[in-house]
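Accompanying notes for the structure given below.
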Amino acid sequence: MLHYPYPINSKLPTAGISIFSKMSKLAAEYEAVNLAQGFPDFNPPEQLVEAFSRAMAEGFNQYAPSDGLPILRTQISQKIGQLYQVQYNPITEITITSGATQALFTAFSAFIQKGDEVILFDPSYDSYAPSIKLQGGVPVHIPLKAPDFLYDWELVERSINKRTRMIVVNSPHNPTGVVFTEGDIQQLDRLTCENGILILSDEVYEHILFDGYQHLSLSSHPRIRNKALVVSSFGKTYHTTGWKVGYVCAPAELMVEFRKAHQFTVFSVNTPAQKAYADFLSIDNSDRTLGAFYEKKRDFLIEGLKDTPFKILQPQGTYFFLADYSSISSLDDIAFTEWLCKEVGVALVPLSPFYHQNPASKLVRFCFAKKEETLLEAINRMKQL
């Protein structure tokens, strides 16, 4: 075995394998039902798969332009115009990315310099803080207020100083399922109106909302969109997480800087997938019914768990919900999910890895983006609790 003989000054000394990879690996090892990692276990629309194959046959197999195929950016611009009544220029204000995680990383790379502070709301997606640290930035973690995971705007205001460069928001929110309100947007606008603070808006679950809730995209706010980079994902919308295609919308002045970093991160993105999405968007509007599609899955799983000791926190959006297991076990959440996977045969994700400081809660995350038979098997296994 080779051995590197010199000390390594790690830029992420405390980082290890992500909790999602860890739990999926454990699920495979113990043949558990995997409700941990956030991906569907069913195929994308057949027409989309056919469009991908057709794009390859038609020769869309080489590098795309770094900012994305023009036909796809045009389709995205038209879609956003229909949904949010705002027009992004497809030439200068939309860039195709290798999924949302790359989009987020590139945004931090483009705008965060050493010592810049970035406000995050915990629990938060686990890529945010490491990506900021890799740029020399400083994550500032603000916890959402329990038990409803509401934004504490007074604490945000006290946390802003001359080093604050960016605020990251995520709605619908992973992992809580909470959505942004008009009041939240007003507060965000007030706190960033005159200080040059940028907003990075992670909106990858924009089409998955329940119970009449509406997605309030920051694209649609006239002042906020002029200082916001809005991130979206085809993977979440069309059940194609493995294709790794997303996009960013932002004012042209911000997009110039974003593209500088983007070209040296991935240069360009999967060409036949881009052509497939462009063709599919021109004929499909299934994103309009995606919330109802996942609401049925949410309700099926919640109904199946009603006779178990889990206490479900009803989500307003995403394909996740949190559940309290305190009446089942006194174990911490990481130990509990490991026990559940090994002994009961269901893999979930603990909540604590979404926090900078462990909240010592008894909450775990369920993913219900699964076939009904998968959810039913998980229900049957957990009825033994």
Side-chain angles (χ1 to χ4, degrees), residues 17-21 23-25 34 36-56 60-73 75-76 79 94-110 125-128 130-131 134 170 172 174 200-208 229-250 255 258-259 261-281 284 286-287 290 318-320 349 367 369-370:
I17 184 173
S18 79
I19 191 63
F20 314 111
S21 297
M23 293 311 301
S24 286
K25 180 180 179 182
N34 189 354
Q37 197 164 2
F39 60 84
D41 66 348
F42 45 85
N43 284 328
E46 185 175 341
Q47 285 180 298
L48 180 57
V49 175
E50 291 172 351
F52 196 117
S53 297
R54 186 170 62 249
M56 289 188 291
F60 288 87
N61 300 300
Q62 310 310 323
Y63 294 127
S66 183
D67 44 7
L69 291 180
I71 187 174
L72 178 56
R73 287 183 282 140
Q75 288 289 344
I76 292 170
K79 172 185 173 179
I94 299 173
T95 298
I96 310 302
T97 62
S98 183
T101 301
Q102 183 252 310
L104 295 162
F105 183 89
T106 301
F108 295 132
S109 299
Y125 183 50
D126 71 336
S127 84
Y128 296 163
S131 299
L134 286 170
N170 171 209
N174 174 20
L200 181 56
S201 186
D202 181 349
E203 302 185 14
V204 299
Y205 298 101
E206 62 185 312
H207 300 300
I208 309 177
L229 297 101
V230 178
V231 176
S232 296
S233 167
F234 288 120
K236 302 298 189 297
T237 303
Y238 299 117
H239 326 311
T240 50
T241 61
W243 293 16
K244 293 299 292 179
V245 181
Y247 54 96
V248 176
C249 299
M255 192 58 74
F258 180 90
R259 288 176 176 177
H262 171 75
Q263 69 180 332
F264 298 119
T265 307
V266 295
F267 179 69
S268 67
V269 177
N270 190 315
T271 305
Q274 289 193 55
K275 181 60 165 61
Y277 286 128
D279 291 348
F280 190 67
L281 284 172
D284 180 82
S286 61
D287 56 347
L290 193 63
T318 76
Y319 46 55
F320 307 110
V349 166
C367 174
K370 308 296 176 184

Exercise. Counting only heavy atoms not in Phe42, do more than 12 fall under 6.0 Å of its CZ?
Worked result: yes

For this session: Using a cut-off of 6.0 Å, state whether more than 12 heavy atoms not belonging to Lys25 lie near its atom NZ.
Result: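 12 or below, so no.
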
How far apart are the closest heavy atoms of [X] and [Y], and which atoms are they?
| X | Y | result |
| --- | --- | --- |
| Ser66 | Thr95 | O-CG2, 4.5 Å |
| Pro172 | Thr318 | CB-CG2, 3.6 Å |
| Pro44 | Thr240 | CB-CG2, 3.4 Å |
| Lys275 | Leu69 | N-CD1, 3.6 Å |
| Ala276 | Ala51 | CB-C, 3.7 Å |

Side-chain ([X]) to main-chain ([Y]) donor-acceptor, under 3.5 angstrom:
| X | Y | answer |
| --- | --- | --- |
| Ser233 | Gly246 | no |
| Ser268 | Tyr63 | no |
| Tyr319 | Gly38 | yes |
| Asp287 | His207 | no |

Is it true that the side chains of [X] and [Y] contain a donor and an acceptor less than 3.5 Å apart?
| X | Y | value |
| --- | --- | --- |
| Thr101 | Tyr125 | yes |
| Ser18 | Ser21 | yes |
| Ser232 | Glu206 | yes |
| Asn34 | Ser24 | yes |

To the nearest 0.5 Å, tell me how far [X] [atom1] sits from [Y] [atom2].
| X | Y | atom1 | atom2 | answer |
| --- | --- | --- | --- | --- |
| Ser286 | Gln47 | OG | CD | 9.5 Å |
| Thr97 | Leu104 | OG1 | CG | 8.5 Å |
| Asn270 | Phe52 | CG | CZ | 4.5 Å |
| Leu229 | Met255 | CG | CE | 6.5 Å |
| Ile208 | Thr237 | CD1 | OG1 | 6.5 Å |
| Tyr205 | Lys236 | OH | NZ | 4.5 Å |

Below 4.5 Å, heavy atoms only, C-beta onward: do [X] and [Y] meet side chain to side chain?
| X | Y | answer |
| --- | --- | --- |
| Leu134 | Phe105 | yes |
| Asp279 | Gln274 | no |
| Leu200 | Val231 | yes |
| Leu72 | Ile94 | no |
| Gln102 | Thr265 | yes |

Problem set entry | Arg54 and Val49: CA distance, side-chain angles, deciding distance, side chain to side chain contact (heavy atoms under 4.5 Å, CB included) verdict | CA-CA 9 Å; Arg54 186 170 62 249; Val49 175; over 6 Å; no

For this session: I would like to know whether Trp243 and Tyr277 meet ring pair (Phe, Tyr, Trp, His ring centres under 6.0 Å); could you show each step before the answer?
Result: CA-CA 11 Å; Trp243 293 16; Tyr277 286 128; 5.5 Å; yes

Problem set entry | Contacts of type side-chain hydrogen bond (donor to acceptor under 3.5 Å, both in side chains), residue Asn170, not counting sequence neighbours | none

Exercise. Taking only residues two or more places apart in sequence, or in another chain, which ones meet Asp126 in a side-chain hydrogen bond (donor to acceptor under 3.5 Å, both in side chains)?
Worked result: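 Listed in chain order: nothing, the list is empty.
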
For this session: State whether Phe39 and Lys370 meet the cation-pi test: NZ (Lys) or CZ (Arg) under 6.0 Å from the six-membered ring centroid, and within 45° of the perpendicular axis.
Result: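 Here Lys370 passes the 6.0 Å and 45° test against Phe39.
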
Exercise. Which pairs with one or both residues in residues 60-70 pass salt bridge (charged side-chain N to carboxylate O under 4.0 Å, His left out), sequence neighbours excluded?
Worked result: Asp67-Arg73, Asp67-Arg259

For this session: Check the pair Leu281, Phe234 against side chain to side chain contact (heavy atoms under 4.5 Å, CB included), reporting the backbone distance first and the verdict last.
Result: CA-CA 10 Å; Leu281 284 172; Phe234 288 120; 3.9 Å; yes

For this session: May I have the step-by-step check of side chain to side chain contact (heavy atoms under 4.5 Å, CB included) for Tyr238 and Leu290, ending in yes or no?
Result: CA-CA 9 Å; Tyr238 299 117; Leu290 193 63; over 6 Å; no

For this session: Measure the acute angle between the ring planes of His262 and Phe258, then classify it against the limits of 30° and 60° as parallel, tilted or perpendicular.
Result: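 His262 vs Phe258 ring planes: parallel.
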
